[in-house]
2 protein chains.
Amino acid sequence: MAKLNSSLSRPKSTSPKPKSTLPADDQIGSGHAVTSYDVARHAGVSQSAVSRCFTPGGSVSDKMRARIKQAADELGYQPNAIARMLFTKRSNLIAVIVANLGVNPDFTSILSKHLIERGLNLLFFTLDQEADAERAIEQLWQYRVDGVISASELSEAHISLLRERGIPLVFINRLYEITGANSVGCDHAEGERWLIDRLVQAGHKNFGIVAGPKLSAVSRLRTHAALDRLQVLGIDKPAIIYGDFTYEGGRQAMRTLFEGKKRPDAVVCANDLMAIGCIDEAREVLSLGIPDQVSVVGFDGLSPGQWSAFSLTTVRQPMQSMVKAAVDMLVARIADPALATERRVFSGELVEGHSARLK
Amino acid sequence: MAKLNSSLSRPKSTSPKPKSTLPADDQIGSGHAVTSYDVARHAGVSQSAVSRCFTPGGSVSDKMRARIKQAADELGYQPNAIARMLFTKRSNLIAVIVANLGVNPDFTSILSKHLIERGLNLLFFTLDQEADAERAIEQLWQYRVDGVISASELSEAHISLLRERGIPLVFINRLYEITGANSVGCDHAEGERWLIDRLVQAGHKNFGIVAGPKLSAVSRLRTHAALDRLQVLGIDKPAIIYGDFTYEGGRQAMRTLFEGKKRPDAVVCANDLMAIGCIDEAREVLSLGIPDQVSVVGFDGLSPGQWSAFSLTTVRQPMQSMVKAAVDMLVARIADPALATERRVFSGELVEGHSARLK
DNA sequence: TTGTAGGCGTTATCAT
DNA sequence: ATGATAACGCCTACAA
């Protein structure tokens, strides 16, 4: 029961015979891993012909192409991407890094679609703890990914590591002002100003802010913009509660906000999930009418927010455009790594739900 | 400006010199792609020593290991997974296939976590149209993934293709009775019986069923189980509406259900998202009290269903356990492809929310 | 324990 | 247009 010798006739293989590279024809679908040599032998051509035949720009006669394609089909041959990668140094792999929380649920599938369109594949990394980032960076390097899209913040060290290694990196909705890293994002400040302006126009006076985690850059951007605008409009400094971007966090923040003596008439949340939590807490526990007694606004444009139970007033991020832009940008950088770093910022879209009194 | 000759001293390279494989030492962090040869040269050892040093079971003396590790660190060396794959035929890649709709949002991140624990990486495929399946199967084969986890249904042809190629496959929550494919899932029938029993016990008499798409196996399982149980309990045959597993679909189904002359007092939905849609439609448009006038139940255990706005009565699928089981099973099959195919079925957990009158 | 040498399945350069 | 052949970077007998 010796192993079956599937692919003989390699250049310097055991067979000493110099010419006549066509020993006994193969049995179809037998052993594993049919290689280009097997196809070549089966079609009676050289291995390089097979390779060319599967290469986009390869110069092969129609007749030969047909013969090879048929042989390949009969044997069930597909080129081995691994071997190709080894030679070409292009893996067609894009590493996608997402933080476990605070990511729009359909982000991944939208991204996947855009990558597919460009013939790229998605190597997925999700980050729970800081240690995971270390591992992700190490792995994606080992797999020689062509580029990285990150929806999670990365340390300076990791960013520069990627730069040194020449791996293009594009951030989605993270990390703006910092060191030259490519990014696409939503104009959080603008959106937040819209919300505040509308709320103030409608006569709200006592604001409460539900921020995200203190170290979240997105939360900072949104919250600061709101605070700034309130100050510009001459509104009293609002109470600020720091949440964790979750539903539960939103509920808790709302509770805390209404324990104080100065109860807000408008609550501005750093994301939709917390806003939903606020609404539920207001109705369920605090017995407050939304938007009659309190207005609540969020940020993101999550689909649950648009369910009629909440009808959340919020700013929708143009996910499709952002993701497309990120992929475009990444692909451009892969083609020409010398391109200048760039930021693309999209305006959100104000969604006037019924969770806030707007007039 | 000639290209810099980073790694000389390959076995049969240009250099004719037979011995003394240590030409001028390298400049750190210079060119790209530092290889094991570079490290070897830097540390003054053989390339194979470097390789062994990075291989779990490799036999290297502590002294040498230290020297090599240091050299590797200085040069920023990480083994090239691609080259390794080519030789070992193991990619440490697991293909994960999900259908675009109808997937529990945190499924991917849970899965990712479990794969990480085993040192596996996640190659992500999302399926929109039937054509995408074709592409996914082709790609994952080209990348020589070690195994496949699918949360989407696959055609018989694709399943047997994977089998022929010796790629272990585990389904999550799909495709039970069919051809010997490994799967883990939730006991839909049992859960559905629980729901029906409780509803009937509480005195509900007129049922409405909101099913999923007609070709969805999961929907069929859940719906059939509900219908069977109703029949066993002697309840009149309920109206059945076919939805699409979405929120909007749920709303529409609810509307249709209440256009009929026999208005149900209990609506059983094939998933949580549609159940939420039903609740919103009932309250918003039909002005029906939940659960006073109609009871609504779902299936899945989605977190939005548990928000107090809905407090959905449902059956929660034990996602963590299911995913862990799937990974365990897959890893076992990778280790021993001859293992018998197996199905693991977990019981769900009845969640008694307030969307249904249960007594 | 360490070094030598051959091969994994491609692509690409060169003759033909 | 086609066929030989040398890498690509690593792993693993085998020899020392």
Side-chain angles (χ1 to χ4, degrees), chain A residues 5-14 18-22 32-41 43-65 67-68 72 77-92 142-144, chain B residues 5-15 18-22 32-41 43-65 67-68 72 77-91 142-144:
Chain A
N5 50 351
S6 58
S7 75
L8 302 175
S9 81
R10 296 300 304 280
K12 1 172 183 174
S13 187
T14 52
K19 231 358 178 340
S20 163
T21 52
L22 300 172
H32 280 218
V34 23
T35 76
S36 57
Y37 278 94
D38 300 324
V39 177
R41 188 147 35 83
V45 300
S46 78
Q47 182 274 338
S48 19
V50 178
S51 174
R52 271 193 295 265
C53 185
F54 280 87
T55 308
S59 83
V60 212
S61 67
D62 292 352
K63 216 179 96 188
M64 171 152 279
R65 163 164 280 120
R67 223 179 43 204
I68 294 179
Y77 169 77
Q78 289 276 99
N80 183 329
I82 311 231
R84 173 186 296 144
M85 288 188 252
L86 183 59
F87 192 93
T88 61
K89 282 131 166 16
R90 263 188 115 287
S91 61
N92 280 349
Q142 289 198 8
Y143 281 94
R144 300 303 192 263
Chain B
N5 50 350
S6 58
S7 75
L8 302 175
S9 81
R10 297 300 303 278
K12 1 169 187 179
S13 186
T14 53
S15 138
K19 235 349 182 341
S20 163
T21 53
L22 298 172
H32 280 219
V34 24
T35 77
S36 57
Y37 278 95
D38 299 326
V39 178
R41 190 148 34 85
V45 299
S46 79
Q47 181 273 336
S48 40
V50 178
S51 174
R52 273 192 291 264
C53 185
F54 281 86
T55 308
S59 84
V60 213
S61 68
D62 292 352
K63 218 178 96 188
M64 171 152 278
R65 164 164 282 121
R67 220 175 50 199
I68 294 180
Y77 170 76
Q78 288 279 101
N80 182 330
I82 308 217
R84 173 187 297 151
M85 287 188 251
L86 186 58
F87 190 93
T88 61
K89 279 127 167 14
R90 265 187 115 274
S91 61
Q142 289 198 8
Y143 281 94
R144 298 302 191 264

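Lettering follows sequence order; numbering is per chain, from 1.
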Touch class at under 4.0 angstrom, heavy-atom based, for Phe54(A) against every strand present: nothing
Restricting to nitrogen or oxygen on both sides, can you table the protein-nucleotides 1-3 of chain C pairs closer than 3.5 Å?
from	atom 1	to	atom 2	distance (Å)
dT2(C)	OP1	Ser61(B)	OG	2.7
dT2(C)	OP2	Ser61(B)	N	2.7
dT2(C)	OP2	Ser61(B)	OG	3.1
dG3(C)	OP2	Ser46(B)	N	3.2
dG3(C)	OP2	Ser46(B)	OG	3.1
dG3(C)	N7	Arg52(B)	NH2	3.0
dG3(C)	O6	Arg52(B)	NH1	3.3

List, one per line, each side-chain donor-acceptor pair under 3.5 Å for residues 45-60 of chain B, sequence neighbours excluded.
from	atom 1	to	atom 2	distance (Å)
Ser46(B)	OG	Ser48(B)	N	3.4
Ser46(B)	OG	Ser48(B)	OG	3.0
Ser46(B)	OG	Ala49(B)	N	3.2
Gln47(B)	NE2	Ser36(B)	OG	3.0
Thr55(B)	OG1	Ser51(B)	O	2.7

Distance, rounded to the nearest Å, where Gln142(A) contributes CD and dG9(D) contributes P: 15 Å
Any Arg144(B) side-chain heavy atom under 4.5 Å of Asn80(A) side chain: yes
Distance, rounded to the nearest Å, where Ile68(A) contributes CD1 and dT10(C) contributes P: 13 Å
Distance, rounded to the nearest Å, where Asn80(B) contributes CG and dC10(D) contributes P: 5 Å
Atom-to-atom span, CG of Leu86(A) to C1' of dG7(C) - whole angstrom: 12 Å
Interatomic spacing from CG in Leu86(A) to CZ in Phe87(B) - rounded to 0.5 Å: 13.0 Å
Minimum heavy-atom distance between Gly44(B) and Arg67(B), given as atom pair plus value: O-NH2, 3.8 Å
N or O in side chain of Lys89(B) less than 4.0 angstrom from dC11(D) OP1/OP2: no
Rounded distance in Å - CE (Met85(B)) to P (dT10(C)): 15 Å
Test salt bridge (Lys or Arg N to Asp or Glu O under 4.0 Å) applied to Arg90(B) - qualifying residues, sequence neighbours left out: Asp146(B)
Helix axis bend for the helix from dT1(C)-dA16(D) to dT16(C)-dA1(D) - C1'-based end axes, five pairs, 10° rounding: 40°
Proximal nucleotide (of dT11(C), dG9(C), dC10(D)) relative to the Thr35(A) side chain: dG9(C)
Value in whole Å for how far the C1' atom of dG9(C) lies from OH of Tyr37(A): 8 Å
Over all atoms of both residues, closest heavy-atom pair of Val34(A) and Val39(A): CG2-CG2, 4.2 Å
Integer-rounded Å distance: dC10(D) P and Tyr143(A) OH: 14 Å
Pair Asn92(A)-Tyr143(B), side-chain contact (heavy atoms from CB on, under 4.5 Å): steps then yes or no: CA-CA 10 Å; Asn92(A) 280 349; Tyr143(B) 281 94; 3.4 Å; yes
Phe87(A) CZ to dC10(D) P, straight-line distance once rounded to whole Å: 16 Å
Under 4.0 angstrom between Thr88(A) side-chain N/O and dT11(C) OP1 or OP2: no
